[in-house]
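Reviewing the structure listed below.
All values derive from a computational prediction rather than experimental measurement. When a residue number appears, it is its place in the shown sequence, counting from 1.
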Amino acid sequence: MNLTIKDIAQMAGVSPGTVSKVINNYEGISDKTKKQVMDVINQKGYEPNFSARTLATKRSNLIGLIYAGKINVEMTHPYFNEVISAFKKNIGLLGYDIIMFSNERFQMGQGSYLARCRHFQVDGCIVIAGEEVEEAIYDVAKEGIPCIGIDIELKGPKSSYIMTDNVDLSRKVVEFFYLHSVRKIGYIGGKWDSAISRYRKQGFYEAMHQFGLELREEWIEYGDFHEESGYEAMKKILQCKDHPEAVFATSDLMALGALRAIKEEGLSVPQDIQIVGCDDIVACRYSEPKLTTVKQDKEKFGKLSAYMLNDLINGETQLKPVLIDSELMIRESCGTNRVDRR
């Protein structure tokens, strides 16, 4: 038998409003009345309906997880999977559950993130940026739904974002090469429409100019952060008569693809071409050779995004964007004796 609040109220000899207040821990209810209601609830094994609880508290304790972009990173992407795992753990400790929104309907020109946020009455959203992000994602932030963006610049009355300092990230790589007498440097970036791609390219160009290094346009290619695109980009670079001494690929997956292309060409890493990736995914430690990369603090990303989103949900409106520092992890794919064995 499915009991309602009215049934519980009748059995406890109180009003339905009083039962609702007891269930949702409102103040102003005497201990005697609370016990009277809870005794009936416990005796009958009553569990309040989710919709009724949401209506009473104006809170669903649901967080929308959105993988934005026509080329999205999905749950299987090793970098973002670690970020979301850290977010899930910390947002759960704060009392929330997560509902994931698919963007597949957008491929057919249908769907609305904002409409779905309203339908499920989410308290807030975490947005993970892929490539070719739909304009519809910005409507959620502009509407005032609390949102935190990961690698996407969300701007709204209750929005903020977290991003690695990507300009500095690229500068670290170029500086490392420069300090180890590497002057001929290639670059494999992401598509220009994403913020991290723009900032990483900006940092690369600025550092190359700073150290007086030549920018060879034939050594600059673009992918989509996945392995196959890194492979194809490296194949194009290797078609040049003159090869670079080193290549910076702006994701580990693209770097691993580039590594495969170099080996297929009969060249060696790092003897012929050195490779640096970005993200420090687990696979970097098991590639042959082990991949030098720029580490982003994935645990910090997840924890900060959870706490910042919770603050926005609870009325904070002055949260400024956060830029997180990165760390260069030197491994075997670079020709130096300072090798990280992790």
Using distance only, find each side-chain donor-acceptor pair of residues 152-159 under 3.5 Å and give its atom names and separation, not counting sequence neighbours.
unit_1: Glu153; atom_1: OE2; unit_2: Tyr199; atom_2: OH; d: 2.6

Task: ring pair (Phe, Tyr, Trp, His ring centres under 6.0 Å) partners of Phe211, counting only residues at least two apart - done: Tyr178
Quick one: do the [X] and [Y] side chains pair a donor with an acceptor below 3.5 Å?
X: Glu264; Y: Tyr231; result: yes
X: Ser326; Y: Gln296; result: no
X: Gln210; Y: Glu206; result: no
X: Ser251; Y: Asp279; result: no
X: Asp224; Y: Ser229; result: yes

Which pair of heavy atoms, one from [X] and one from [Y], lies closest together, and at what distance?
X: Ala255; Y: Leu291; answer: CB-CD2, 3.7 Å
X: Tyr222; Y: Lys201; answer: OH-NZ, 2.5 Å
X: Leu267; Y: Ile273; answer: CD1-CD1, 4.1 Å

Taking C-beta and beyond as the side chain, do [X] and [Y] meet within less than 4.5 Å on heavy atoms?
X: Ile63; Y: Val122; value: no
X: Leu304; Y: Val322; value: yes
X: Ile126; Y: Ile150; value: yes

Any ion pair linking [Y] and [X] (charged N to carboxylate O, less than 4.0 Å)?
X: Lys295; Y: Asp325; result: no
X: Lys236; Y: Glu218; result: no
X: Glu214; Y: Arg183; result: no

Open item on the list: Parallel, tilted or perpendicular: which one describes the rings of Tyr205 and His209, with boundaries at 30° and 60°?
Closed with: perpendicular
- [ ] Hey, could you give me each pair passing salt bridge (Lys or Arg N to Asp or Glu O under 4.0 Å) that has a residue in residues 85-94? Not counting sequence neighbours.
- [x] Lys89-Glu299
